[in-house]
2 protein chains.
Amino acid sequence: MSRRKTATIRDVAEAAGVSIATVSKFINRQQSFSASVEEKLRSAISELGYSQNPAARSMVTGRTTAIGLAVMDIANPHYANVMKGANRVALANGYNLLVVDLEEKATGVRELLEPLALRTDGLIVSARIPAAVVDWLAGLNKPVAFLGQPERQGVVSVGMDSVEAASLLAGYLVQQGFTRIGYVGYGRAAWNAERLRGLHNVLDAAGVELMEFDAEEPTSEAGEKVAARVLLRPDRPQAVIGCNDLVAIGFMTEARALGFRIPQDIAIAGIDNIPTSRYVSPPLTTVDVFSEATGEWVMKQIISMATGHSPDVHMPHEPLLVVRESAKRADGEERAGTQTNPEY
Amino acid sequence: MSRRKTATIRDVAEAAGVSIATVSKFINRQQSFSASVEEKLRSAISELGYSQNPAARSMVTGRTTAIGLAVMDIANPHYANVMKGANRVALANGYNLLVVDLEEKATGVRELLEPLALRTDGLIVSARIPAAVVDWLAGLNKPVAFLGQPERQGVVSVGMDSVEAASLLAGYLVQQGFTRIGYVGYGRAAWNAERLRGLHNVLDAAGVELMEFDAEEPTSEAGEKVAARVLLRPDRPQAVIGCNDLVAIGFMTEARALGFRIPQDIAIAGIDNIPTSRYVSPPLTTVDVFSEATGEWVMKQIISMATGHSPDVHMPHEPLLVVRESAKRADGEERAGTQTNPEY
DNA sequence: AAAATTCAGTTAAACGTTTTCTTGAAATTG
DNA sequence: CAATTTCAAGAAAACGTTTAACTGAATTTT
C-alpha cells in the first residue's frame, strides 16, 4: 500500500530534460512542440505515471472544475434522476460532481453548503432553504442555480413549472367528472405553494372544491398515514392528488389495504413520473417533470455560467400529463357515494 | 455578482495585527491564545467573511477531506441508499462526497475514476470493473473499498453477502414447495455469480431444478422483457427470483399483464428490499441487504483507513429474508400446471 | 539581405495555506 | 533569585501548479 511519493511536474521536467513550464504547456496542450521534446515528455509522463495535482492547479487558476449539487433527499427517485442527468453532463465537460444530501433538514443547511461552495465552481441547490442562506449564496462569487425555488435576485432559478404540472392534473380530473378533489401536500417544501396555486387556478374556475391535507414528509410512508386518516371520513374526496408520486403511491397502497378499489372507489394521481409509478397497481396517473433532463439542463447552465457565459433562460420541457389507470373515471358506473365505505 | 476577491489568511492576519501562522493555528484550533488576540482574530474573520481555501490547504497537508463514490447506477434505489448512508457519515466526519455514476458502463471506467482518485483521500467503488483497473486502484496510495466485488489483494472488499442472500431466498422457495425455480440474472454484474452460487448451494442439495435466464440490464424494463419471453414457454418455472428487486418488479408487472395471478400462477421474489418493493401488488418478497447501513459502514471504514487506522473486517448486517405476498405457495390450492396460461 | 515576425522553450513569480524552527516573555521550579 | 520549563506568537520554507514576460533561433516579409 505504501509507495514512493507520486511524481510531480518537476520530476517529469527533469526526466525529460526540459523546464516545468514546458511540461505544463504540454499537458494542457497549449502549444506545439518539437518531435524530440514531445516524445521525451510522453515517455517521461507514462514512465513516472504522472498525473496533475488538481489542488495545485486550482490554486493558481482559481477554478476547481467541480460543481456542487445539494438535494433534499438522495433516495427520492426524482432527485436521483436529477443527479443522474447532472452527473452525465458534468462528466462530459470534465467536471466532477460533489453532492450533499440535505435529508429534508431545514436547519444547519448553510453549514452543509459552505464546504461545497468552497470546493466548487458553481452550485445547484434543489431544496427549500432559508432566505438568509439564499442571500449568502447570492453573495458568493459563483453561479448558483435553484431548482424548484421561487425567483430571487442574484441567483438563477430554474426547473419544472410546478404550477403548470398541478394545473394539468386538475384539468384532467375535472374533465373526468370528479367534483370533490383532495390534495395531499407537503407544506414545508418550496414547490408546494406553487402546486397548490396551479390546482386552484383550474379548480376554482371549474367550481370544484379542493380539500387540502398535509403529509409530514414527502414519502410513501407519510402518504399511507394520510390515507388512513382521510379515507375514513364520510366526506372523503372522490379523487386525490399526491404532491409527488411517492406520496400518491403510499396513499394508494393504504387505500387498497382498506378495501378501496382504484380508481372506482377512489381515484389517485401524483406528480413527477418516477420510474416506479408505472409498476404499481393500477399504474399511476401522473405528470412527467423530466427529472433527468432537468438535471442535464441545469448542469449545462451552471457550467456555462462558470465559464463566463450567460445562462440560457429557456426551460427545457413543459410538464407532461401521463394518463394511466389510477385516476380514470369509472365508466358509466355510479360512483360510490360518500355515505359508505365499499367492501369495508 | 462580481465582488472583490475573497479574503485570504493574509488579509485576516493584517486586519488582526498578527502573523499568518497565528491565524492558521487559530482556525485549526492548535493552541490557546491571549484574550486580546483571540478577540481580534474572531472579529477580523467574521468581518472579512474569511473562509479557508481547501485547495491551498490540501496542497500542503496532502489530504483533501473528500471521499469518492462510484456506483453503477445512481438512480437504482439500492445504490441511492448506499449513497445516502455514505453521505451521512461523510458529512458527520467533515468529509465531502464526490460521486460518479458509471451508468452500467464496462469500458472507460478508469478515465472516470482517475479524476476522482486525484481529488479524494479514498474511494468506494460499487461496481464491477476490469482487473487492470483494480490493479491500478490497488497501486494508488489511497484506501479503496469495493462493494459487492470478490476479494482482491491490495484493496478492501466488503459489502453484503450475496451468496447468503440468494441462499435465503432459495431456502424459502423450497420450503414453500416449489420444485421448478427460475432465476433472472444479470450476467455482467460482479455479484451475479455469487447469487447464482448461493442459489445452487441450496437448490442442488434439495434436488430442485434451476432455470437460468439473463436480463440485458438490471432494470424493471429488462425484467418485463424476460417475463414476456419466459412465461409463454410451456416449461415455465413455478417461481422466479429476480437478481434484484427492480428486475423482479418488472417481471411481476409483465406477468400480471399477461394474466398471471401472483403468487398463485407464478411466484416472484427479488433481492435488495428497495423501498418500492413494499408498494407493488402484491408486495414483493425479497431479501433486505441493508443498503443504507452498508453505505454508512463502508464510509466509516474508508475514513478510518484514510486517517491511518486499519479497517474493521466485521460485516455490518447479515442479509435478512423479508417474506411478503409475492412468493407464498398457494394454500391447498393446486398449482396451475405448465400446460395452460390462466386467464389467457 | 536586412527587418520583422513566428516559434519553441525558459525564468521566475504567484496562488493560500501549514508547519518546523525560532524567539522572547512569563510562569514554574529548586 | 537563578535556572528551568512552559507558552504565545512569528519567520520562513515548503506544497505543485500556471502564466506573463522573456529569449534566441528560425522563418517570413519587404
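In what follows, every chain begins at residue 1, and chains take the letters A, B, ... in the order their sequences are listed.
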Expected output is a numbered-order residue list: members of residues 55-66 of chain A with a heavy atom under 4.0 Å from any atom of DNA chain C. What is it?
A:M59, A:V60
Which residues within residues 16-23 of chain B lie with some heavy atom under 4.0 Å of an atom in DNA chain C?
B:I20, B:A21
Return the set of residues passing side chain to side chain donor-acceptor pair (under 3.5 Å) with [X] (not counting sequence neighbours), or none when no residue passes.
| X | result |
| --- | --- |
| A:R88 | A:E292, A:E296, B:E103 |
| A:D11 | none |
| A:S126 | none |
| B:T120 | none |

Partner residues of [X] under the side chain to side chain contact (heavy atoms under 4.5 Å, CB included) criterion, sequence neighbours left out:
| X | result |
| --- | --- |
| B:L91 | A:V100, A:L112, B:N87, B:N96 |
| A:S304 | A:H309 |
| A:R63 | A:T61, A:T65, A:Y95, A:D121, A:T307 |

In short, salt bridge (Lys or Arg N to Asp or Glu O under 4.0 Å) pairs touching residues 65-85 of chain A with sequence neighbours left out are A:D73-B:K84, A:K84-B:D73, A:K84-B:D101
First-last contacting nucleotides on DNA chain C - partner chain B, under 4.0 angstrom, heavy atom:
C:dG16 to C:dT19
Could you check whether A:T22 and A:S19, counting side-chain N and O atoms only, form a donor-acceptor pair closer than 3.5 Å?
yes
So which atom in B:A117 and which in B:K142 form the shortest heavy-atom distance, rounded to 0.1 Å?
O-CE, 2.5 Å
Give A:T8 one of three labels, base, sugar-phosphate or nothing, depending on what nucleic acid heavy atoms sit under 4.0 Å from its own.
sugar-phosphate
Tell me what B:F26 touches on the nucleic acid: a base, only sugar-phosphate, or nothing, going by heavy atoms under 4.0 Å.
nothing
What residues from residues 29-46 of chain A pass a heavy-atom cutoff of under 4.0 Å to DNA chain D?
A:Q30
Check this for me: does any side-chain nitrogen of one of A:R42 and A:E38 sit under 4.0 Å from a carboxylate oxygen of the other?
yes
